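Throughout, protein chains are lettered first and strands after them, A, B, ... in sequence-line order, and every chain is numbered starting at 1. Remember, predicted model here, so these are calculated numbers, not experimental data.
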Number of protein chains: 2
Amino acid sequence: MTHNLLDYPGKMHAGGYRVTPQRKAILDAICEAGRRVTVEEITLRLRKKSPTLNRATIYRNLLFLQRMHLVNGAGDGKDKRFEIASVEPHHHLICRECGRETGLDRTRVERLKRAIQKESRFTIDDDHLCFFGICRRCASGANRKSQASAKQRTGWKPRRKHASS
Amino acid sequence: MTHNLLDYPGKMHAGGYRVTPQRKAILDAICEAGRRVTVEEITLRLRKKSPTLNRATIYRNLLFLQRMHLVNGAGDGKDKRFEIASVEPHHHLICRECGRETGLDRTRVERLKRAIQKESRFTIDDDHLCFFGICRRCASGANRKSQASAKQRTGWKPRRKHASS
DNA sequence: ATTGTTAATGCGATTATTTGCAATAAGGAT
DNA sequence: ATCCTTATTGCAAATAATCGCATTAACAAT
């Protein structure tokens, strides 16, 4: 239970918020997944242990947990994914093509954050940034077929001027 | 028409995609707004000049235009906002509290992107990053009442242990 | 253990977004 | 100008996400 390291009850109480079984269940579900999960996956996991937990409660708490910095979310629409916020700030490089994540040396990013904060006195409170782009493999065209479904999923076919078979 | 600088017909054709009046209308609508706009605002603007343009077409093209790097989108859910992608890469600091944007010296960010690319050979194709956090004014508590509605909008009341009037 | 306060949940009803598919129309070729 | 291919649209139906409000239950205080 990674999230226990975060002392989430303490953080919630400190803000005047309450620790409910629903919130615990949601944190558990994300934690047990052990990777970045979509709302759908979270909902499915919850069906088992907490079948009565309401849809609206999930959405509300996902927002809440993000605000509390207990959970990090990144991505667009249905592809948005959540994970337990790590004690250690860390960042991701996510490939738009194949969806794979690459680690990212955090010192560099933290340095940028500090520099920005120093200059503009704006505090970036995100300890978990996601940068989207194209990974090495996809850039080289190495894995065209293997995971090229990203495009299809959003409904656009790749370029193919009229030319038979 | 800032977006004409981008040669969007060229980019679309290059990918085997088509330039339709609907796409033009959507780009125009975002452009005319002259600032980061929500789907709702885009829809409202389109009602006037292109009343027949379908909902689904708007959503599909917003995705499409982002993929084409003609439009940038950032933010969560209904707060997601779009703007015409500038020829010049630029980045934003957006305050979670009051929603205001602060400019951000882009050289620093570009340097980070280059460094990452060099190290991991991952190409961050985002020329428009949004960093969320707390701006100077809100951090100092200067404008509590003026724009503190951000919290209410998502349905949470600020901490206030029971104490009358 | 009981009580009071009010944050949080569940529910039903809206509203927002997505999807499948037939009909339409962009743009290359003749 | 006309034809052909197929990307894109509009529509209607399906899903997903949000909202208002009455009810429930955390938790601080007694």
Side-chain angles (χ1 to χ4, degrees), chain A residues 8-27 38-44 46 50-68 73 75-80 82 151-165, chain B residues 8-27 38-44 46 50-68 73 75-80 82 151-165:
Chain A
Y8 65 86
K11 285 191 180 176
M12 291 183 190
H13 285 148
Y17 301 108
R18 295 172 185 177
V19 179
T20 67
Q22 289 88 338
R23 283 176 178 169
K24 283 184 198 166
I26 293 170
L27 278 171
T38 61
V39 184
E40 194 189 359
E41 290 173 83
I42 295 169
T43 305
L44 286 174
L46 288 170
S50 320
T52 63
L53 210 164
N54 194 274
R55 261 202 315 296
T57 303
I58 297 177
Y59 286 110
R60 279 188 293 231
N61 278 318
L62 246 19
L63 254 187
F64 169 76
L65 293 170
Q66 279 180 270
R67 282 254 222 74
M68 287 270 112
D76 279 339
K78 58 170 184 255
D79 277 330
K80 180 157 191 177
F82 302 86
K151 277 191 175 174
Q152 288 295 6
R153 247 194 301 149
T154 44
W156 282 293
K157 296 158 198 164
R159 169 193 202 173
R160 189 192 333 142
K161 301 217 165 169
H162 70 73
S164 52
S165 64
Chain B
Y8 66 87
K11 285 192 179 175
M12 291 183 188
H13 285 148
Y17 302 108
R18 297 174 184 176
V19 180
T20 67
Q22 289 88 336
R23 284 176 177 167
K24 284 183 199 166
I26 293 170
L27 279 170
T38 61
V39 184
E40 193 189 358
E41 291 173 82
I42 294 169
T43 305
L44 285 175
L46 287 170
S50 321
T52 63
L53 210 163
N54 194 273
R55 265 201 311 294
T57 303
I58 296 177
Y59 286 110
R60 280 189 292 231
N61 278 317
L62 248 17
L63 255 188
F64 169 77
L65 293 170
Q66 279 179 271
R67 282 253 225 73
M68 287 271 113
D76 280 338
K78 59 173 183 248
D79 277 330
K80 180 157 191 179
F82 302 85
K151 278 191 176 174
Q152 288 294 6
R153 248 195 300 150
T154 44
W156 282 293
K157 296 158 198 163
R159 168 192 202 176
R160 189 193 330 141
K161 303 216 165 170
H162 72 73
S164 51
S165 68

Charged tip of R23(B) within 45° of Y8(B) ring normal and under 6.0 Å: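 No, R23(B) does not sit over the ring of Y8(B).
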Atom pair distance, as rounded to whole Å: [atom1] in [X] and [atom2] in [N]:
| X | N | atom1 | atom2 | value |
| --- | --- | --- | --- | --- |
| F64(B) | dA7(D) | CZ | P | 12 Å |
| L53(A) | dC11(C) | CG | P | 10 Å |
| I42(B) | dA16(C) | CD1 | P | 14 Å |
| I58(B) | dT18(C) | CD1 | P | 12 Å |
| N54(B) | dA25(C) | CG | C1' | 16 Å |
| L62(B) | dT18(C) | CG | P | 10 Å |
| R60(A) | dC21(D) | CZ | P | 14 Å |
| Y17(B) | dT5(D) | OH | C1' | 17 Å |

Pairwise 5' ranking along DNA chain C for V19(B) and R55(B), keeping only the more 5' one: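 First, find each residue's nearest nucleotide; the 5'-ward one identifies R55(B).
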Closest-nucleotide ordering on DNA chain C, the 5'-leading residue of T20(A) and A56(B):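 The 5'-side residue here is T20(A).
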Under 3.5 Å side-chain donor-acceptor pair for T38(A) and E41(A):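 Yes, E41(A) and T38(A) have a side-chain donor paired with an acceptor closer than 3.5 Å.
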From dT6(D), dA26(D), dG10(D), nucleotide with atom closest to R18(B) side chain: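 Minimum distance to the R18(B) side chain belongs to dT6(D).
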Nucleotide nearest Q22(A) (side chain, heavy atoms from C-beta), chosen from dA7(C), dT9(C), dG10(D):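 The nucleotide sitting nearest to the side chain is dT9(C).
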Polar side-chain contact R23(B)-dT8(D) base: donor and acceptor under 3.5 Å: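 For R23(B), whose side chain was compared with the base of dT8(D), there is no donor-acceptor pair (under 3.5 Å).
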With sequence neighbours excluded, residues passing side-chain contact (heavy atoms from CB on, under 4.5 Å) with K11(A):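 K11(A): side-chain contact (heavy atoms from CB on, under 4.5 Å) contacts with L70(A).
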Those residues that, when tested against T57(B), pass side-chain contact (heavy atoms from CB on, under 4.5 Å) (two or more places apart):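 Result, side-chain contact (heavy atoms from CB on, under 4.5 Å) vs T57(B): Q22(B), L53(B), N54(B), R60(B), N61(B).
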Sugar-phosphate, base or nothing in reach of P21(A), heavy atoms under 4.0 Å: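 If one applies the 4.0 Å heavy-atom cut-off, P21(A) turns out to touch the sugar-phosphate alone, with no base involved.
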Pairwise 5' ranking along DNA chain D for E40(A) and T57(B), keeping only the more 5' one: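 With E40(A) and T57(B) compared, the 5'-side residue is T57(B).
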Side-chain touch V19(A)/H13(A), heavy atoms, less than 4.5 angstrom: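 Of all side-chain heavy-atom pairs linking H13(A) with V19(A), at least one is under 4.5 Å.
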